[in-house]
There are 2 protein chains.
Amino acid sequence: MEDETFDDTTEGSSVGTAQRVFHALSSAPRRKILAYLSASGLTAGEIADRFSMSKPAVSQHLSILETAGLIRREKHGQFVHYSLIENNLVNTLNGFVQEVCPVGRPIKKESQARARVKQAP
Amino acid sequence: MEDETFDDTTEGSSVGTAQRVFHALSSAPRRKILAYLSASGLTAGEIADRFSMSKPAVSQHLSILETAGLIRREKHGQFVHYSLIENNLVNTLNGFVQEVCPVGRPIKKESQARARVKQAP
DNA sequence: TCATTAATTAAGGAATTACCTAATTAATTT
DNA sequence: AAATTAATTAGGTAATTCCTTAATTAATGA
């Protein structure tokens with residue numbers, strides 16, 4: 001079976017999961033939304049309040065993150081609650097690192113790597 | 001000191017490292033190039049041969065990957081050799097996962113996660 | 001029921017991206 | 001030196017992205 005991490009044309013015409021996730025992560029506002037949601041679930045309005053852009057713009061970012069499977073949407077009365085789906089993010093990124101970097105290295109070097117990235121970007 | 005993983009406006013006017021890396025990864029051809037380079041270093045021409053798009057188009061993708069610090073460029077005679085810089089990729093992605101997901105989980109769950117992402121995308 | 005609040009969808013425009021072909025730079029070969 | 005090969009830069013276009021305001025849907029409260 002083919003791995004779809006890199007090839008998004010494997011299936012008929014659809015866009016692959018990896019493509020959706022990486023595209024979702026390529027936007028600073030969207031990464032910021034994920035960071036907010038990592039602390040706690042929030043309504044669409046609470047998220048929009050943290051940005052200077054319009055509510056519909058934020059709504060579209062949320063939609064892209066949801067389509068990528070990174071966040072979930074739950075309607076409670078007139079509010080829409082958003083929260084993080086960690087697994088898809090971690091799985092996709094780890095899967096990608098595993099494929100691109102020699103097997104084993106990422107795991108072993110992770111602790112050091114994590115420390116290093118904070119001070120020397 | 002501020003963490004620039006999400007906020008790309010911290011510094012004067014420049015685009016942040018994280019933004020460059022995530023943008024670089026948002027393109028399927030660019031991820032494919034990284035995959036090729038993970039096996040071995042290649043010249044620009046050897047890389048271009050693996051794609052149906054024009055050489056200049058591939059050259060631009062290589063430039064974006066280099067600017068993101070994901071690959072390195074070495075001129076040998078009339079050939080340009082490209083190879084992977086693993087650290088920046090691993091550091092950026094791990095740093096991001098650490099910030100977005102509860103500390104500890106990504107490391108512990110990595111093996112399972114990797115297995116899971118291959119069969120259930 | 002009518003007004004208010006939360007959120008999304010719709011429509012449109014400025015800026016960016018991704019590709020192409022043609023031209024250029026630089027190293028090698030004859 | 002002239003021709004060939006490798007690679008990039010330059011210029012232009014179609015498609016996409018990201019944001020805006022206006023309109024719509026849906027739930028709550030007077």
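The basis for the numbers below is simple: all heavy atoms, side chains too, and nothing from hydrogens, waters or symmetry mates. In the text below, chain A, chain B and the rest are named by the order of the sequence lines, each starting its count at 1.
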How far apart are the C-alpha atoms of B:Phe96 and B:Asn91, what are their side-chain angles, what is the distance that settles it, and do they pass the side-chain contact (heavy atoms from CB on, under 4.5 Å) test? CA-CA 8 Å; B:Phe96 178 69; B:Asn91 287 358; over 6 Å; no
Reading 5' to 3' through nucleotides 25-30 of chain C, protein heavy-atom contacts under 4.0 Å coded B for base, S for sugar-phosphate only, - for none: -SBS--
Whether each nucleotide of nucleotides 13-20 of chain D has a protein heavy atom under 4.0 Å at its base (B), only at its sugar-phosphate (S) or at neither (-) is summarised, 5' to 3', as ----SSBB
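In this structure, the CZ atom of B:Phe51 is 17 Å from the C1' atom of C:dC20, given to the nearest Å. Rounded to an integer number of Å, the gap from NZ of B:Lys32 to P of C:dA18 is 16 Å. Distance A:Leu65 CG to C:dT8 P: 12 Å, rounded to the nearest Å.
In terms of phosphate contacts, B:Arg73 brings no side-chain nitrogen or oxygen within less than 4.0 Å of OP1 or OP2 of D:dA7. Between D:dA7 and B:Ser59, no contact under 4.0 Å exists linking OP1 or OP2 to a side-chain N or O.
The heavy-atom pair separating A:Arg31 from B:Ala18 by the smallest distance is NH2-C, 4.2 Å. Annotation for B:Val100 and A:Ser38: closest pair O-CB, 2.7 Å, computed over non-hydrogen atoms. Here the shortest heavy-atom pairing between A:Asn88 and A:Ala68 reads ND2-O, 2.6 Å. Residues A:Arg30 and A:Leu65 share a closest heavy-atom pair of O-CD1, 3.9 Å. In plain terms, the two heavy atoms of B:Ser26 and A:Ser26 that are nearest each other are CB-CB, 3.6 Å.
Looking at residues 41-50 of chain B, you'll see that no heavy atom sits under 4.0 Å from any atom of DNA chain C.
B:Ile71 is not listed as a side-chain neighbour of B:Ile85, based on a closest heavy-atom distance of 4.5 Å or more. At a threshold of 4.5 Å between non-hydrogen side-chain atoms, the residues A:His23 and A:Val15 do not count as touching.
For the pair A:Arg72 and A:Tyr82, the cation does not sit on the ring face, since its NZ or CZ is not both under 6.0 Å from the ring centre and inside 45° of the axis.
At distances below 3.5 Å, at least one donor-acceptor pair connects side-chain atoms of A:Glu46 with backbone N or O atoms of A:Thr43.
Note: the hydrophobic cluster containing B:Tyr36 also contains B:Leu70 (ILVMFWY, side chain heavy atoms under 4.5 Å, direct or indirect links).
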